[in-house]
Number of protein chains: 2
Amino acid sequence: MSQNIRIVLIEDDDILRMGYESLLNDVAGFVVVNAYASYDLSKKHLDADRPDVILLDIQMPGTNGLQALPFIKKALPQANIIILTVFDSPELVFEALTLGAGGYLTKNSSAAKIIDAIKEVSTGGGAMSTNVARIVMRSFQKNLNSPLTKRETEILDRIANGQTKSQIATDLFIDQETVRSHVKNIYIKLDVNSKSEAIKTAKEKRFI
Amino acid sequence: MSQNIRIVLIEDDDILRMGYESLLNDVAGFVVVNAYASYDLSKKHLDADRPDVILLDIQMPGTNGLQALPFIKKALPQANIIILTVFDSPELVFEALTLGAGGYLTKNSSAAKIIDAIKEVSTGGGAMSTNVARIVMRSFQKNLNSPLTKRETEILDRIANGQTKSQIATDLFIDQETVRSHVKNIYIKLDVNSKSEAIKTAKEKRFI
DNA sequence: TAAAATATCCCCCAAAACGGGGGATAGCTT
DNA sequence: AAGCTATCCCCCGTTTTGGGGGATATTTTA
């Protein structure tokens, strides 16, 4: 048979921590190797714990979960970290994901969802609760009513990627003056008069 | 009692389409109002169908699912569209999400997951299968071993957002020459010698 | 079909930004 | 003690920018 999935819990609420521990220890194939009330309390032991999956709360005394994430990643690069928190603000979600969390669950998640998520992340998958998925998906969604044409969007996108007008002209096989002409129209449509304002406005309104 | 969730299927495979139809019609609170073998066949009827949720295949004769997405969004702005496909390449996933899909499921999803997903999106949530979640989460993850310092990352990020060195200097309350100095170091570390190369390299390596 | 929008190209100009080179200094970490 | 970091200073020539004024052909839309 395959090895047990080794789990570490880092959660400051005593009741919740014990609840998760007993819940997960009862799952076949799972073993909770340790449970800590804070990252600061856990850090000397994590190495010996050899966890496959870490359930990490954000709100904790001392180093909080998001601050701890990079340190855990560095100490245990192969471990998968699932954020388990009451917070689901876009800022926290994006920060956790950029820091390499393998999952983001809110604490209203059912026991079955948490168990599923642990199985998922330990096989390299991703896991998020539906409210988090909604936040993430919205962040991708472009404005389908952009006033910019295809060509203008293409050019503004390249400007946002640091290309100069002459580089864009070369890449698109058109004259620099053509690019300039498009840029003028972009500025008029976005009601701006500089590169940085155009990028800022376009990103805010999700035109690019 | 609340209204039924009105579902439309657009799926070219006859067996699958009928399978989904009978599966979903058996769910309490769901009603499959129509099922089409292609978007082209559906478009005249969608308005009358008044669907709350549309399950949309990508691979179809005529207009494919991703091409159809903007048209459906325009015709039925309140409808939630779930992409249901065999494909899970990052390109297709991101395109679907930028076009406003409310869910992205791969066809290996279980019946229960599909039913869950429909319930989720119709209450404004997001739904994705775990392989899709993995792709999405990876796209957020930053490189934690960036050679750039905090200050350098901050400055490069602002450059990537179209700010000039003097604007950056003003915003950060430092001298333009200090910004220039940081930029020089960024260029050396990234082995580039222009703004656009720096942005390109840094984005590729996920330093910003 | 007629009008509007789009994509393409041309000119002038001054101000700003860029990138390469050469430094210095203070503070913090190793 | 050495190295890195963040801060600031000067030189220089080249490129880019944005504002102004156009034109023309194709495509889309009304």
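All chains are named by letter (A, B, ...) in the order of the sequence lines, taking the proteins before the strands, and each is independently numbered beginning at 1. Computation of the quantities below employed the complete heavy-atom set of this structure, encompassing side-chain atoms and omitting hydrogens, waters and symmetry-equivalent molecules.
With rounding to whole Å, A/Leu172 atom CG is found 12 Å from C/dA7 atom P. Regarding B/Gln167, its CD atom lies at a distance of 13 Å from the P atom of D/dT17, rounded to whole Å. As rounded to whole Å, 13 Å separates atom P of D/dT5 from atom CD1 of B/Ile155. Rounded to an integer number of Å, the gap from CD of A/Gln176 to P of D/dT17 is 9 Å. Atom NZ in B/Lys150 sits about 16 Å away from atom P in C/dC28, given to the nearest Å. Spacing between atom CD of B/Glu177 and atom C1' of D/dC9 amounts to 6 Å, rounded to whole angstrom units. When the P atom of D/dA6 is taken as reference, atom CD1 of B/Ile168 falls 15 Å away, rounded to whole Å. Across the protein-nucleic acid pair, B/Phe173 atom CZ and D/dC8 atom C1' stand 18 Å apart, rounded to whole Å.
Applying the 4.0 Å criterion to OP1 and OP2 of C/dA17, one finds that B/Ser166 has a side-chain N or O inside that range. Using a 4.0 Å cut-off, some side-chain N or O of A/His182 falls inside it from OP1 or OP2 of C/dT8.
For the pair B/Arg17 and B/Asp57, the salt-bridge criterion is not met [side-chain N within less than 4.0 Å of a carboxylate O]. Using a 4.0 Å cut-off between charged nitrogen and carboxylate oxygen, A/Glu11 and A/Lys107 count as a salt-bridge pair. Salt bridge present: B/Glu154 and B/Arg158 bring a charged side-chain N and a carboxylate O closer than 4.0 Å.
In this structure, the nucleotide among D/dG18, D/dT5, D/dT7 sitting nearest to the side chain of B/Thr178 is D/dT7. Comparing D/dT17, C/dG19, C/dA7 by their closest approach to the side chain of A/Thr164 singles out D/dT17. Taking every side-chain heavy atom of B/Arg180 into account, C/dG19 is the closest of D/dG19, C/dG19, C/dA7.
Side-chain contact check for B/Asp40 and B/Thr63: at least one donor-acceptor pair (N or O, by modelled atom type) lies under 3.5 Å. Side-chain atoms of A/Glu197 and A/Ser194 include a donor-acceptor pair closer than 3.5 Å. At a cut-off of 3.5 Å, with distance as the only test, a side-chain donor of A/Tyr36 or A/Asp49 sits close to an acceptor on the other residue.
Applying the 3.5 Å distance criterion, the base of C/dT6 shares no donor-acceptor pair with the side chain of A/Thr149.
Just one of A/Thr170, A/Asp157, A/Asp171 meets the side chain to side chain donor-acceptor pair (under 3.5 Å) condition when paired with A/Gln163; it is A/Asp171.
Contact of the B/Thr149 side chain with the B/Lys189 side chain is registered, since non-hydrogen atoms from C-beta on lie closer than 4.5 Å.
For the segment residues 183-208 of chain A, residues with any heavy atom less than 4.0 angstrom from an atom of DNA chain C are, sorted by number, A/Lys189.
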Just the table, please: protein N/O against nucleotides 25-27 of chain D N/O, every pair under 3.5 Å.
none

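Applying the side-chain hydrogen bond (donor to acceptor under 3.5 Å, both in side chains) definition to pairs two or more places apart or across chains, those involving residues 126-143 of chain B are A/Glu120-B/Thr130, B/Asp88-B/Asn131, B/Thr106-B/Ser129, B/Thr106-B/Asn131, B/Ser129-B/Asn131.
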